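Note sheet for the following structure.
Because only heavy atoms are used, hydrogens play no part in the values below, and waters and symmetry mates are left out as well, while side chains stay in. Treat the numbers as computed from the prediction; the structure is a model and nothing was measured.
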Amino acid sequence: MKWYIARRLAWTVVATFIILSLTFGLMAASPDPQAASYVAQQVQEGGDFEEAQESYERARGLDQPLWERYKNYMIGMVTLDWGWSETRSQPVTEAILEAWPYSVMYATPALIISTVLGVAIGLYSATHRNSLEDYAASAFAFFGISIPDFWFGILMILIFGVWLGWIPIYYHSDVPWFSLQNVQQLIAPTLVVTLSSIASEMRFSRATALEYVNAEFVKTAKAKGADSWRRVTRHIFRPALVPLSTILVGDILNIVLVSSYLVEVVFGIPGLGQLSYKAIIQQDVALVLATVLIPTFIAIVGNLFQDLAYTVLDPRISYGER
Amino acid sequence: MTEPLLSIRNLKTHFHTDEGTVRAVDGVSLDVDRGETVCVVGESGSGKTVTAESITRLIPEPPGEIVDGTVRFDGEDVTAMSEKQLEALRGGRIGHIFQNPQGALNPVYTVGWQIREAIQLHDKKAKDKEARERAIDLLDRVGIPDATSRIDDYPHEFSGGMKQRIVIAMALASNPDLLIADEPTTALDVTIQMQILRLLNQVQEEFNTGIVMITHDLGVVAEVADRVVVMYAGKVMEEGDVYEIFENPSHPYTRALLECLPGRGEKMSAIGGSLPSTTSPPDGCRFHPRCPYAVGDCEIGEQPPMYAVDDGDHAVSCVHFEPGADPSVVLGEDGSDAVGGARADGGDETGGDAR
Ligand SMILES: Nc1ncnc2c1ncn2[C@@H]1O[C@H](COP(=O)(O)OP(=O)(O)O)[C@@H](O)[C@H]1O
Ligand SMILES: [Mg+2]
């Protein structure tokens, strides 16, 4: 098992290295929109085309050999020097450091609520299959899956913000983080993200638990005299945790890659989603790169934790040869 | 005469499904005394498992429902018990052993945890440490070598036969009065089968346990049974003392079963035809569509009542044994022992599909 974990950690490092290298390759091969606009500007102002290009490259260190640039890039990545954001006139890491708390503020409660409620409802549905509650939960889940986040968000703003005036129409970032007002303005985005992930949690945990509801060892537990609560928690939920543990990483990724863009743009939250969105629109290459690397690292680290969780959750796992 | 340990009367367990009501068990009666082994035999699908699981209400409800009949255990009516009372009964006074030891243990807990659970569910006072000691004793008793070190192993680290011993250890955790074993050896190798049967026999002799043994292997029946109940399509066809059943089988279905014993040629499926529909079973005797001796009377009304055969502990549900009818239609001219040579003492191969 020690070897398994060591191998798994080594693989994480290798995967990170490969992804960073690939990203560098893509960057080096693609045209630089900022260079184009800089050069265009210089030429318009009467400058020489070649000269303008060279001075731009010198300023960026682009005149160095490829290997040298690669080395600098990798060192920068490791030392958290992720480059300069042109559009924001600040280091990329600084922009990210400023933005992430706003994303975490709604994503964390949404993740907790949707996971706890989603799994609980899914388990209940599986153990009460074809009951009225099960049908109601299924209907709700389809509703949650079908409704687009941005549409639901706009609807919430319209109903609770415009008509009822219960919540602000857009997010005020000057409100202190730990204040009632902030909680109030986070309710709507939290609900939107919760709805978008709770549905899939429910469906997945229902399907997973169903595989165990009729398992023979659950019947054994009943024959031993275990009551239904014990059967559901110890004999259905616990083994189901093995496949269920996989959903969490996917869920976080879904929020980071999809929900955060829509929700933050609709509600005007200055989090990572909006940062990335603006960077893409304004072609701020260094910033786009950084905001794209974040979910990649979440995926790599999430997978690592998932595999480590497996070693704890599933005694049958085989660690292979060393 | 004292009341038997377990007494099932006219039990009807049905399943309400989309395809209609499955009459899995449709009026079964049987008794088990302390220290006695009653074997329930019959083809796959004849309702043996449902009968066994109706005793402590293990069947899933819904779709299952005990629509009629009583199950009395040690004088108490199980069908009228609350869930709490049933939980005390299950694993407490009645232990269960299942067909497939591979699936009967929870893969994510150690066997020690699972045996301890069985102990502590019925002895709330037992501390973890004491329960662990008792679990080791139980493992020892069912013949797991080196129990002290193996108690913290997971189920997948044991062979099928060992797993079945562990299941038996759990069933024995509270020294039950009755063991219900549903094809406990079907999934196992022949040599292991014999060991498990011997183990059950030891337990029975030590604690005077009553055993309901479900099987479709007549070799097992010959080995362990005191009495035999032959089931077909949710009904009892014939019942009686094991020697009576083997020496003087009377119901055409029983006779067909015995003729299909391994070593006498065909397998059990060689009885022509197949089980009738469970949702709309035939009128009269359930077996008449496949019975070579069927007459007009067999096709109408209800399943015939149990008619006594000879004077001993032996009864059969067949119109040819009605008082005044002529049993030689079934038994042949010499009246007895037509298939009596079918001694099932070998048991070296399972009869039907060993699922
Ligand atoms: N949960 C269930 N739902 C519907 N039908 C069932 C269920 N369990 C058993 N049955 C039906 O009951 C009948 C008897 O099954 P069973 O008792 O398992 O037979 P045996 O153990 O003799 O092979 C079969 O027709 C089976 O399809
Ligand atoms: Mg069965």
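A donor-acceptor pair is defined here as one N or O able to donate and one able to accept, closer than 3.5 Å; no such pair exists between the side chain of Arg116(B) and the backbone of Ala135(B). In this structure a side-chain-to-backbone donor-acceptor pair under 3.5 Å is missing from Ser54(B) to Arg57(B). Judged by distance alone, the side chain of His122(B) and the main-chain N or O of Arg90(B) form a donor-acceptor pair under 3.5 Å.
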_Intermediate values then yes/no, side-chain contact (heavy atoms from CB on, under 4.5 Å), Phe140(A) and Leu195(A)_ = CA-CA 10 Å; Phe140(A) 175 76; Leu195(A) 182 78; 3.6 Å; yes
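Considering only heavy-atom pairs separated by less than 4.5 Å from chain A, the leading option among Ile180(B), Asn100(B), Thr110(B), Thr56(B) is Asn100(B). Ranked by heavy-atom pairs shorter than 4.5 Å toward chain A, the options Glu157(B), Gln114(B), Glu83(B) are led by Gln114(B). The choice from Ser174(B), Pro107(B), Ala173(B) that makes the most heavy-atom pairs within less than 4.5 Å of chain A is Pro107(B).
Residues of residues 221-245 of chain A lying under 4.5 angstrom from chain B, judged on non-hydrogen atoms, are Lys222(A), Ala223(A), Lys224(A), Gly225(A), Ala226(A), Asp227(A), Ser228(A), Arg230(A), Arg234(A), His235(A), Arg238(A), Pro239(A) in numerical order.
In this structure, chain A has a heavy atom under 4.5 Å from the backbone of Leu105(B), while its side chain stays farther away. With a 4.5 angstrom heavy-atom cutoff, Ile55(B) does not touch chain A via any of its atoms.
For the 3.5 Å distance criterion, the side chains of Thr49(B) and Asp182(B) qualify, holding a donor opposite an acceptor. Side-chain polar atoms of Asp77(B) and Thr79(B) form a donor-acceptor pair below 3.5 angstrom.
The six-membered or imidazole ring of His96(B) lies near that of Phe98(B), with a centre-to-centre distance under 6.0 Å.
Ring geometry for Phe152(A) against Phe143(A) counts as perpendicular: the plane angle is over 60°, on a 0 to 90° scale with 30° as the lower cut.
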